[in-house]
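Report on the following structure.
What you are looking at is a predicted structure, and each value in this text was computed from that prediction instead of being measured. In what follows, chains carry the letters A, B, and so on, assigned in the order in which the sequence lines appear, proteins first and then strands, with residues in each chain numbered from 1.
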Number of protein chains: 4
Amino acid sequence: MSEIISTGLFDRAIRRITAVWREMAAGVASDEDDSIAGQMRACLAGRGGAVSARNRAAKLAETYLFLDDDGRVDFLRTLASFDSDADAVAAAVQVFQAATDEAARATAQMQLRRALEPPRLRLLTQFTAIPDGVKFLVDLRAFLMAHVRGDPRLAALESDLRGLLASWFDVGFLELCRITWDSPAALLEKLVGYEAVHEIRGWRDLKDRLDSDRRCYAFFHPRMPAEPLIFVEVALVEGLADSVQRLLDQKAPVLDPDDADAAIFYSISNCQRGLAGISFGNFLIKRVVDELSTEFRNLKTFATLSPVPGFRRWLDARVGEDADGLLTDDERTALHAAVPDAESGAGALIAILARRGWLRDPNLKKAAEPMLVRLCARYLLHEGNARRAADQVAHFHLSNGARIERLNPGADTSEKGLKESAGMMVNYLYDPARIEQYHEDYAGEGKRNASTAVRRLARG
Amino acid sequence: MSEIISTGLFDRAIRRITAVWREMAAGVASDEDDSIAGQMRACLAGRGGAVSARNRAAKLAETYLFLDDDGRVDFLRTLASFDSDADAVAAAVQVFQAATDEAARATAQMQLRRALEPPRLRLLTQFTAIPDGVKFLVDLRAFLMAHVRGDPRLAALESDLRGLLASWFDVGFLELCRITWDSPAALLEKLVGYEAVHEIRGWRDLKDRLDSDRRCYAFFHPRMPAEPLIFVEVALVEGLADSVQRLLDQKAPVLDPDDADAAIFYSISNCQRGLAGISFGNFLIKRVVDELSTEFRNLKTFATLSPVPGFRRWLDARVGEDADGLLTDDERTALHAAVPDAESGAGALIAILARRGWLRDPNLKKAAEPMLVRLCARYLLHEGNARRAADQVAHFHLSNGARIERLNPGADTSEKGLKESAGMMVNYLYDPARIEQYHEDYAGEGKRNASTAVRRLARG
Amino acid sequence: MSEIISTGLFDRAIRRITAVWREMAAGVASDEDDSIAGQMRACLAGRGGAVSARNRAAKLAETYLFLDDDGRVDFLRTLASFDSDADAVAAAVQVFQAATDEAARATAQMQLRRALEPPRLRLLTQFTAIPDGVKFLVDLRAFLMAHVRGDPRLAALESDLRGLLASWFDVGFLELCRITWDSPAALLEKLVGYEAVHEIRGWRDLKDRLDSDRRCYAFFHPRMPAEPLIFVEVALVEGLADSVQRLLDQKAPVLDPDDADAAIFYSISNCQRGLAGISFGNFLIKRVVDELSTEFRNLKTFATLSPVPGFRRWLDARVGEDADGLLTDDERTALHAAVPDAESGAGALIAILARRGWLRDPNLKKAAEPMLVRLCARYLLHEGNARRAADQVAHFHLSNGARIERLNPGADTSEKGLKESAGMMVNYLYDPARIEQYHEDYAGEGKRNASTAVRRLARG
Amino acid sequence: MSEIISTGLFDRAIRRITAVWREMAAGVASDEDDSIAGQMRACLAGRGGAVSARNRAAKLAETYLFLDDDGRVDFLRTLASFDSDADAVAAAVQVFQAATDEAARATAQMQLRRALEPPRLRLLTQFTAIPDGVKFLVDLRAFLMAHVRGDPRLAALESDLRGLLASWFDVGFLELCRITWDSPAALLEKLVGYEAVHEIRGWRDLKDRLDSDRRCYAFFHPRMPAEPLIFVEVALVEGLADSVQRLLDQKAPVLDPDDADAAIFYSISNCQRGLAGISFGNFLIKRVVDELSTEFRNLKTFATLSPVPGFRRWLDARVGEDADGLLTDDERTALHAAVPDAESGAGALIAILARRGWLRDPNLKKAAEPMLVRLCARYLLHEGNARRAADQVAHFHLSNGARIERLNPGADTSEKGLKESAGMMVNYLYDPARIEQYHEDYAGEGKRNASTAVRRLARG
């Protein structure tokens, strides 16, 4: 019975709260400046006490939700205008500049920091009082980021909000949850929407991805319980997986997960645009590796099956620049044989990649794949600069301490996979014993670790 | 983190239990009679202690699950053979017959009851030890009911099992839960399968039925937490609903449930064939009326929108028997005008009902509906006998203390609705203040309560 | 917030339910026979429908609770009078006696069973509808057992109720829960009341028994969530524990449970008198052994530290009968030396045991302990008959498949321990690999397994 | 079973995590500067990746816990030394000073803020990774506050930490929970320790305060689930309560809470010294008023029964200064009559208050009470300055929008009550309709609202 009572009454409670709050909001607005700026001033002055200030903030948040985009930009500009008091800052700066010894400097810095705390930050914090207030702020930042457009005051507001969210969404506050077919339908529906790597083609596909030889984990924040922040999909298999279509084949038999020796992370999706730049992907992978190795003692390999989303763009550009310099004589010969009417080897390669279904033509496949593998190895290991691999997915996994283990041509035959990655997928290997070393190698010296095979390919 | 740990480890625990149990099962089987009958004997003898007996019962249950239908029937016949000891019963009967005063008779009856407790009942109870043991027994009864086919021993076994389940599934042990879009996907998937009245046409339709102006409640048993026993779908609307297609229209706007004045129970489905004859429908309706009237103070009307599944079968039969006696002269005239080539008025009616899409033809609709309403009122109020209305849905609601409030021609235009109910749907009204009286009227004297309008129709 | 809403509203819901139910109860009573018997008849007739019958049953239950003991006995006699219909039973008996072949007998037995189902059983079942209805029935049986006093009708009612409770409290329906210092205070308060072996001397003592090197587990029924059925207290120690006072010493240091190699079950208490004869102790021990061996890989020994509650009674009786035949010459000599004025060796032993604080007198202790150990071994291994050891605790553990491992003189110096067990405690060893064999030995052939040392003692 | 598994396995998980973490911590320390400063540097450099940094921070936190007070102060000084980079701040200051228009200033301020973000703040945040990391930081601030002693660097660190905690403990993140006798014993034990107003004298007293006519609510933070932040104890009574001893009398009968018309808040205690200055008391009272008025429709009055902890100190000081000017002639006469040997009326008053048990002497009571009431009204309404009432409890409730409703002489006869408040207690009334106005009156103009009776007293 409790279930019902609480659910039924929860709805009622929400309605009651909403009603009370409308009244109060109406009340507070009646005898005073009810422009948005006036309301913000009243909030910051704490008029009527802290509880009233929260109610007034809630009304402001509701107002924001009813505005169109232009109205919202105005709203945010008004909000941004509640910046630190210029005179107070200038005074604190003078004290700071006058400080000579360390102790005085420490105090002056502290006071300068306080003088710089913008009032608008308190207003942002008060928005937590509304139902789903944290989600409101996350979405507000997403909107801000899309509308800053060089406005320095909006940029400053966005910077404040980013700091607030970074503090609240510290990984120490997040909860790792496993998502299964027993999870709420409303949550699963959201996963379908948030999946950014390999589209989920309906409930049947989704159920398959939550089968007994699959795992799905997500980070949640306690104040945004129905909203995943980031999630990862894992397949428990035998051996390193080399084809995402095989992984996602709904007709494939289900493996007893206790027999699996490899866990393949085949999809990682961030869900909240408003949390951009606040990173939890590396923690997610680490935590999931821990969970899985506790649950399945036979797992020996933890690796991804990842796209190379920058590969074809790079390839096209290089071919444009450098024509045939990219290819060996043998490769050129092979390509000419496969596409006799091409003007150059590189042109033949581009022509093949542009052809629909080229992977199903054995001649084209045989001609193109060896050099795609070689070029992709080179792209992953040598392109970009000392601080960043050119490919963003490679950069993410190398930063996390993974190494480039194996290239899989023809591993993603979806339209998107062919268009961005020329069908190539990469296994990034997470070796728990070496993660730290590999991270240091990459973050410190820009060294990209890879298996012997991949290194040899990149040289060849 | 607890979420993960418990889910992950739950899986492991299940596997561990399974493994241990296989070993033990293997162990117990090795040095003894491992025929099914031998195993059953060992269980009943409690060989190795009560815990071992449970393990052995679990192995028997697993064996049963691997058998085909014939094997299962054999298994159940063997199980049924563990009946009461004939000599002990005969002896107890003699004592009973010799008892002369009330006290002696009470004791003798008690002892006769004990002598009649069949050993197989203990075995059935021991099956609860397996995971999902209660569901196992519910399904076992469903199988039994389908395969008794006049075998008196199987019938006796089924009777024992029914008694056991009736005791466990007493309504005092059930939990009423509201089902929402936040319920586990696995549970919602089951609803789709169990819906017996108005087919759910996919996840979109389902989500619609769980919207804010809809309610869905189900009874659950604490030992079958993932399995609904019975569920009801309710629409919160303004006024008595008169069309199920309008209720289920996915494009219809959503009403603020606080504005609703009527709760329409438009679908009640039993989910477990193995619980046939163990009734909770009336409790479900009563409990849901209580919940809704607590949650929504504006609700004034609680009613169903129900099919009349026996109506067309009765109509066809009556037309066959009695030809035109069923219709008034005016009705016959009207029907002839609409279907000039029909041999009789009744024949015209049958011809109209048999025509695809007749409800969309204004002439046919106008000709047929008045008499359909009249005949349906008569069918509901007068057909059957003093103990049961001919229509099973009518019998269910009248037994629960509802009254027949309104007939809605053309209210269910689905194929099934036309075929069984000639498109007719009935509002049964549950008036909390009169439920008991109406129940007594029907259960005691066979009186079927109805609104003045319906009673007039039935007379007309 | 949900916490509050649900708790606060739960209280309100209970109050609402109670109010509604009083009204209804008042309503149903107004126009009809409102004697207890009349109400019972109305319940059984299902007057007003099944829901009303439940409400009426709830009113009867409330009436019962307000009665004094005599009133309750009358109430129960009235209830018992709703026995099976004598004529229907007689008729079914005739059919049964006329049945000649197996099939006819199966059917006749089934019908006889049905005829013998007493209407009062339905009434008992309906009591589940009240809040805490299951606890109500458990307590009702406790009352019945205490007041049957040879009344055969009450005995028959008690037998029905016992069957009902045995079905509901089947071990398959129970939940094993660990009880910790984080459990509800209301539950812990109950433990203090239910502890039957070693009294809990306040919250401080209780907290100590729930420390990190202690475990407490209980079985619960889902419909009696606040009421433990049976609980066991376990100490995680190094080596077989030989003193309960040392185990319960609040000043003793806490062991890191991962270093423990033995789990000592030092207290098992049944909590519900109304469930007497429905046994779950053996399941509890088995389940807890499983839990602990999963959690602590270093545990090698699972044993109890148990009293020998029948030992001194037996000893006194034997000394009365048989005087000195019980003792060896050496023992007699030693005893005479310790108690020079005793008339006989046996008399000296009894005198020692009767002396306050004899265990702290080194001379008395030295004189008495060796023969106490020998006699206790003999008592445990040889007294009683082939089906039951004389000592009830020994019988319980031997039935469960334990063996008598070690005797510990002076292991319980509490008043109760000295008075019943002469300070002796026994370690019964549960060896998971031999539990079944030992159970069979005892249950089948009456063989009591014991360690070599104990067997030698019993011979010596 | 899940209960056990998760509890048991949770312990194991913690142990495993601890072990893994020790190893890792050991690992990271091996090849590098393992001084505390070195470890802090490594954390901030993110050596080995973000996950390693967290592990390193956890090791630092553990180190801190093993240090004595001096060691901790050193540790915190080291931590404080990771301040903003002086050159970067100086540079940002220059840019800020050079900014002429608003846009440039906004950008410059934003960059100055960033330059001023001290690295130590990141380290503090990383401590959340340890189990109970939030509680660790709360306690760390409590330690800091007690040891700042004029050290400007520690003061700056404390200021940073305060900002962090204020952001995390925003009232929007807190959960209001009702505490009952069904709450975990471990939590209730903490309440006893945290109660700061009226000492809880054992479990019996505590149980009494959680009875059906009492309520206890607390705020919790989701990451400190076992630690209340602040709690309030409420009595549901008839009429304004005027004696705390009567409220806490364990022998008093329990009222049906539905009959209560007043909710008396008789104790509010802050639990976490480390959250000093981060206020939630006003939110707590507001939320509890909302909860109670939803649950009990009959409640008309919400008020406190509060001590006047500064009253006697003020009285003593005033008497010292001003001798008899405080009293009227009539009062002086009355006092002289009661204490003939006193040198002055004021001296007589002080003598009475100093006498043990004076409240039980009718003469003394009669002489002193009228003027105590008058003086207390004056103290509450007129002492202090325009921003703060002299009495801290008065200031708290006036700030929250309460008014001074009634003075109750002899309302707290405990030693503490007599020593601090001269036995006086005050009812502060919370009138939901006027809370905002009263708050504004006090916060804006320093106006202290009071009932006519109290105002008259203060004048008289």
Side-chain angles (χ1 to χ4, degrees), chain B residues 16 27-28 46-52 54 80 83-84 86 89-90 93 96-97 102-107 109-110 112-114 116 118 125-129 133-134 151-153 155-156 159 164 167-168 170-173 222-223 279 282-283 286 290 294 399-401 435-437 439-440 443, chain C residues 16 20 27-28 46-52 54 80 83-84 86 89-90 93 96-97 102-107 109-110 112-114 116 118 125-129 133-134 151-153 155-156 159 164 167-168 170-173 222-223 279 282-283 286 294 399-401 435-437 439-440 443:
Chain B
R16 191 177 63 80
V28 296
R47 194 135 67 231
V51 178
S52 297
R54 294 270 160 169
D83 203 345
S84 312
V89 174
V93 159
F96 170 74
Q97 289 177 317
E102 199 199 341
R105 203 154 53 230
T107 305
Q109 275 192 182
M110 176 177 80
L112 181 52
R113 262 178 217 119
R114 282 190 194 153
L116 280 164
T125 303
Q126 289 179 348
F127 289 149
T128 57
V134 173
D151 182 327
R153 281 155 315 176
S159 172
L164 205 57
S167 159
W168 290 342
D170 180 80
V171 77
F173 292 120
R223 279 295 167 268
S279 124
N282 42 2
F283 288 96
K286 186 72 178 59
D290 286 352
T294 306
S399 298
N400 292 342
I435 285 177
E436 289 188 27
Q437 183 55 48
H439 164 84
E440 277 309 311
Chain C
R16 193 177 60 81
V20 164
V28 296
R47 196 136 64 229
V51 177
S52 297
R54 295 270 160 170
D83 203 346
S84 312
V89 174
V93 159
F96 170 74
Q97 287 176 318
E102 198 197 340
R105 205 154 49 232
T107 305
Q109 277 190 179
M110 178 177 79
L112 183 51
R113 260 177 219 121
R114 283 190 194 156
L116 281 164
T125 304
Q126 290 178 348
F127 288 149
T128 57
V134 172
D151 182 327
R153 284 155 310 176
S159 173
L164 205 59
S167 160
W168 289 342
D170 181 80
V171 76
F173 292 119
R223 277 297 166 268
S279 123
N282 42 0
F283 287 96
K286 185 73 179 59
T294 306
S399 298
N400 292 342
I435 284 177
E436 288 190 27
Q437 184 54 49
H439 165 85
E440 276 309 312

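Proximity to chain B (any heavy atom under 4.5 Å) is restricted, for Glu102(C), to the side chain, taken from C-beta onward. Interface remark: Phe96(B) contributes side-chain atoms only to the contact with chain C (heavy atom separation under 4.5 Å). Neither the backbone nor the side chain of Ala443(C) comes within less than 4.5 Å of any heavy atom in chain B.
Annotation: maximal heavy-atom pairing with chain C below 4.5 Å, among Ala106(B), Ser167(B), Pro222(B), occurs at Ser167(B). The residue among Arg114(B), Gln437(B), Gln126(B) with the most heavy atom pairs within less than 4.5 Å of chain C is Arg114(B).
Taken from CG in Leu116(C) to CG in Leu116(B), the straight-line distance is 6.0 Å, to the nearest 0.5 Å. Between the CG atom in Asp170(C) and the CZ atom in Arg54(B) there is a gap of 4.0 Å [rounded to 0.5 Å]. The CZ atom of Arg153(B) sits 10.5 Å away from the CZ atom of Arg105(C) when rounded to the nearest 0.5 Å.
Ser84(B) places a side-chain heavy atom less than 4.5 Å from the side chain of Gln109(C). At a threshold of 4.5 Å between non-hydrogen side-chain atoms, the residues His439(B) and Val51(C) do not count as touching.
In plain terms, the two heavy atoms of Met110(C) and Ala156(B) that are nearest each other are SD-CA, 3.4 Å. Pairing each heavy atom of Thr128(C) with each of Gly172(B), the nearest pair is OG1-CA, 3.6 Å. Closest approach of Phe173(B) and Arg223(C) over heavy atoms only: O-NH2, 2.9 Å.
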Notebook entry, point to check: Between Gln97(C) and Gln97(B), does a side chain to side chain contact (heavy atoms under 4.5 Å, CB included) hold up when you go through it step by step?
Noted result: CA-CA 12 Å; Gln97(C) 287 176 318; Gln97(B) 289 177 317; 3.1 Å; yes
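With sequence neighbours left out, the salt bridge (Lys or Arg N to Asp or Glu O under 4.0 Å) criterion links Asp83(C) to Arg113(B), Arg120(C).
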